[in-house]
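Sequential numbering from 1 along the given sequence is applied to the chain's residues. Whatever order the structure lists ligands and atoms in, that order sets their numbers, starting from 1.
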Amino acid sequence: MMTLNLNGRWKMRAAECEDIWDAVVPGTVAATLLEHGVMPDPFWRDNEKKIQELLDRDYIFERSFTAGEDLLKQEQIVLHCNGLDTLAEIRLNGAVVGNADNMHRIWFFDVKPFLRPGENEISIYFRAPAPYLNEHPSGIGKPYTVLRKAACMFGWDWGLSLPDSGIWRDIMIEGYEKGTIETVIVHQEHMNGKVIVKAQPVCRGAQDLLFRLTLTEPDGAKLETRECAAGGTVYFEVEHPRLWWPSGYGGQPLYRLCTELMTQDMILDTREQRIGLRTIELDRSEDGDGAKYSFVINHIPVFCRGENMIIENSVIQKTDGSCYKKLIENSLRSNVNSIRVWGGAYYPPEEFYDLCDENGILVYQDFMFACSFYQISPEYMENVKQELKDNLARIAHHACIGLYCGNNEIDCIYTVTGATDPETTALRKLFGSGKDPLPEAVRKALWANYEPLFLEMIPELCSRYAPDTDYVHSSPSAKAPGEVTAFFDYAKDGDLHYYLQYNGNAPYQKIRTMRSRFVTEMGFQSYPSMKTIASFTEPQDRLPYTPVMYAHQKCAGGNETIELYMERDYLIPKDFEDYVFLSQLQAGEIMRYSVEHFRRDNEYCRGIMLWQLNDCWPVVSWSGIDYYGRWKALQYFIRRFYAPVLVSAREEDTNVSLWVSNETAMECNGQLRWKLYGKDGKILDQGEKSAHLSAGESASLVYLDYSRMLNRIEKKSAYLFFEWEHNGNVERGTVLFVLPREFYFSEPELSWEVKETGSSYVIEVTAKHFAKAVGFDTSEGDCIFSDNYFDLPAGESRTIEVKKVECEGISDSEDLRRQLMVRTLNDVMLRAAMAGK
Ligand code: BMA
């Protein structure tokens, strides 16, 4: 095959004016306009409003290229576009060669009749998506459902509206003889300690060709080479297979499958896929109280400690492989072993799945449908079918993909349209689906649009392209599609999405009355760091309720909800920096409280995926890591509460049980220690206990009854500090016996020193008095601390490491010392109390 790469320098012009700009492809309208200063920074203050008009215009990308003799003499010549966003007309030397209308598809256009020797002109006309939606109202769903384009590009409850267009993935011309490889479908059969790998090549074009497939061991040793004809299957028998595991359960050896498409005397095309040998199953067996929702890999149940990923950047051109590398590195550092690719976005590039394969991150893969009914027609179904084939053919062989999911939240929207119970009725209003249940006839019509897509076509395609991977039709969903009548019933035999607003802004403590098989979404919002806020505001904007801060809060009532919960547990700071700090701490605490609860209940609950891992612009959101890659307090909490072996406390007034939850495939022997501190750091009680936990066991190890020791007053200055030590790791936690707003905080009197070792800086911090949530930050530069927002009992020290390679804008230890800022909950509460007086 011959490839003429068309990436690189193009020209872009607006359809209705003379302006013309240099453009880089892959690239988009917004990226080009930004580059040339035509579009104001969409992230600055409330500029979002100002950019819409620019994106409401049509644009043309064009360039010339030279077609050589070698290319022209090929039997077949196609224009291959890995991504056109979205409504595009493609011309070659003035003639229309095709149209595109689906951002998620891979397009091939026959260009042989249009190419000429020497100089050629290609142009792609992009019609503006937002005006198109206005002209083509959706029958039954949200406006974005009309176009096969990332739904969130029109705005989401964490994302600005930036309905871009462009050549967003690679573009090239390919010339070939007879045919090319479309994909190789891989099926594994594990039995008696062997794996039979069945590989079924699929080709485009002529079908009378031959395939030669070679399987190579992870260490590079060639295992076998076999041949088959088109439509045939090749079988490899792997003795002593080296199995692929999710992170923390074993290694990630990857075999290589190299496929050559051939005639008797020529190799026409090649394709290489890396495959991991493993069995993977979503166990949904009934157990008397509903049904499980549990990932079982190589026969070991794996607890998912996951996060939901959204698009990486609202301006798509800024997305490259390196941003995924960072996301995965951050996930691993946070003890995350699974990521959900959420359905309101787009299918990530190969780099993402490669990284997940290599690092043992299990992927929960949604198809790109979210939060609305989609009206189907034969043309729509055909378009989607091609989209699914394109993407399954591209990604299905990856070891990391643990599950396919038809859509995000459409089954539950259906549930709320019919519900009569008070909780689900309240949700119907929240989801904007009206006050009253919909008439049955209308619901039937909605379901008639659901079934053919999510219960027929998609699962059929999945079983063809991904025969070893399970499919669920929606998240959340229960076992029987469309039959859930009350929202919280998903928890019993399916997966749950849980936000406190879904529960009437209930106290977060209510979670302890709930059980759920799997929590695919759960989150709490917080503000991004002050440095990030400074990047999009003027000083006068920096208060929770200014128009600019509202412009960077896309969830209705979001800032108010943050404050509502703050008011319940804390004193509201007057100082905005304190406020931001507290909002982050609160999100961390609420998630800690909730995740620890579900982890203790690990016989019932088999996974949690927090909403949300990342941000696509600087915004107040549920994320743990903000747009600039800065860790919010939540991400440090995640690192702790997602530790494979977790120690946690279940307190009830003055009584506490201490639990250890071992989510590893090995038994765990360790030492539990606890100390109860009273006023002035006086130790009131202490103890320790060795314990043994088997693989996957979660158990209460001690029950401490302090009802006699702690009276109404003493409770306000007492805290229990506990830790679990095993294999040199120490996990810790603290219990307060009253809400932080009632606690007698004193100045912690922290002191710290910064030292330097070869590759790291080391901060040693000591607290004279109990310090709650010691939060470090740097004034100008950025870094990741080995731990942060942690508690220090009176008189104790902690060593924190900062890796030099992870520092930006910090030149040496002296500079770090100069930039280092520390804030504790003590400071924030004391200041708030003073300001309140
Ligand atoms: C769920 C998600 C997203 C949304 C999030 C936060 O509904 O699926 O659509 O952003 O909650 O509200």
Side-chain angles (χ1 to χ4, degrees), residues 141-145 149-162 306-312 314 339-346 364-374 403 405-417 424 426-433 454 472-477 487-488 490-491 494-505 508 516 518-526 552-562 565 587 590-591 594 608-617 619-627 632 634:
K142 299 202 170 137
Y144 60 75
T145 58
K149 175 176 171 71
C152 66
M153 292 173 86
F154 296 98
W156 212 260
D157 61 3
W158 36 258
L160 82 168
S161 161
L162 205 151
E307 293 203 66
N308 281 270
M309 183 175 84
I310 59 162
I311 59 170
E312 318 71 41
S314 296
I339 288 181
R340 172 166 176 241
V341 177
W342 165 80
Y346 46 72
Y364 186 120
Q365 177 71 51
D366 282 11
F367 292 105
M368 296 301 136
F369 301 90
C371 301
S372 170
F373 275 92
Y374 286 72
L403 183 70
C405 169
N407 65 70
N408 175 69
E409 294 188 347
I410 307 184
D411 185 88
C412 78
I413 292 182
Y414 181 71
T415 299
V416 303
T417 59
T424 320
L427 259 179
R428 179 166 56 240
K429 291 183 205 152
L430 198 77
F431 284 5
S433 309
F454 300 111
V472 292
H473 64 98
S474 189
S475 177
S477 64
F487 188 79
F488 288 98
Y490 287 112
D495 61 322
L496 186 71
H497 290 194
Y498 184 70
Y499 296 89
L500 291 161
Q501 314 88 286
Y502 287 14
N503 217 331
N505 284 328
Y508 62 87
S516 178
F518 197 97
V519 186
T520 325
E521 287 187 23
M522 177 165 77
F524 197 87
Q525 284 203 327
S526 63
H552 289 250
Q553 162 60 277
K554 294 294 177 182
C555 176
N559 289 357
E560 290 76 1
T561 305
I562 293 174
Y565 281 87
I590 294 178
M591 285 304 104
S594 312
I608 300 152
M609 307 202 112
L610 294 178
W611 189 267
Q612 67 201 67
L613 170 62
N614 55 326
D615 277 335
C616 57
W617 72 306
V619 64
V620 182
S621 81
W622 296 262
S623 73
I625 301 174
D626 79 16
Y627 172 68
K632 292 158 97 173
L634 172 63

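Ring-plane geometry between Tyr144 and Trp156 is classed as tilted, the angle between the planes lying from 30 to 60 degrees on a 0 to 90 degree scale. The aromatic rings of Trp622 and Tyr499 sit perpendicular to each other, their planes meeting at more than 60°, with 30° as the lower class boundary.
For ligand 1, the atoms lying closer than 4.0 Å to a non-hydrogen atom of Tyr502 are 7 (O). Using a 4.0 Å cut-off to heavy atoms of Cys371, the atoms of ligand 1 that qualify are 9 (O). Taking a cut-off of under 4.0 Å to the non-hydrogen atoms of Glu521, the atoms of ligand 1 that pass are 1 (C), 2 (C), 5 (C), 7 (O), 8 (O), 11 (O). The contact set between ligand 1 and Trp156, taken as ligand atoms under 4.0 Å from a residue heavy atom, comprises 3 (C), 4 (C), 9 (O), 10 (O). Close approach of ligand 1 to Asn408 (heavy-atom distance below 4.0 Å) involves ligand atoms 8 (O), 9 (O).
Glu409 counts as a contact of ligand 1, since one of its heavy atoms falls under 4.0 Å from the ligand.
Note: Asp615 CG to Trp158 CH2 = 9.0 Å, rounded to the nearest 0.5 Å.
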Practice task
Using the ring-ring contact (aromatic ring centres under 6.0 Å, His included) rule, take Phe431 and Tyr502 through it: C-alpha gap first, then chi angles, then the decisive distance, then the call.
Solution key: CA-CA 9 Å; Phe431 284 5; Tyr502 287 14; 5.5 Å; yes
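Residues Asn407 and His473 share a closest heavy-atom pair of ND2-O, 3.0 Å.
Contact annotation: for Gln612 versus ligand 1, there are no heavy atoms closer than 4.0 Å.
For the pair Arg340 and Asp366, the salt-bridge criterion is met [side-chain N within less than 4.0 Å of a carboxylate O].
Given atom 4 (C) of ligand 1, the protein heavy atom at minimum distance is Asp157 OD1, 3.4 Å. Among protein heavy atoms, atom 5 (C) of ligand 1 sits closest to Tyr499 OH, 3.4 Å.
The aromatic ring centroids of Phe454 and Phe369 lie less than 6.0 Å from each other.
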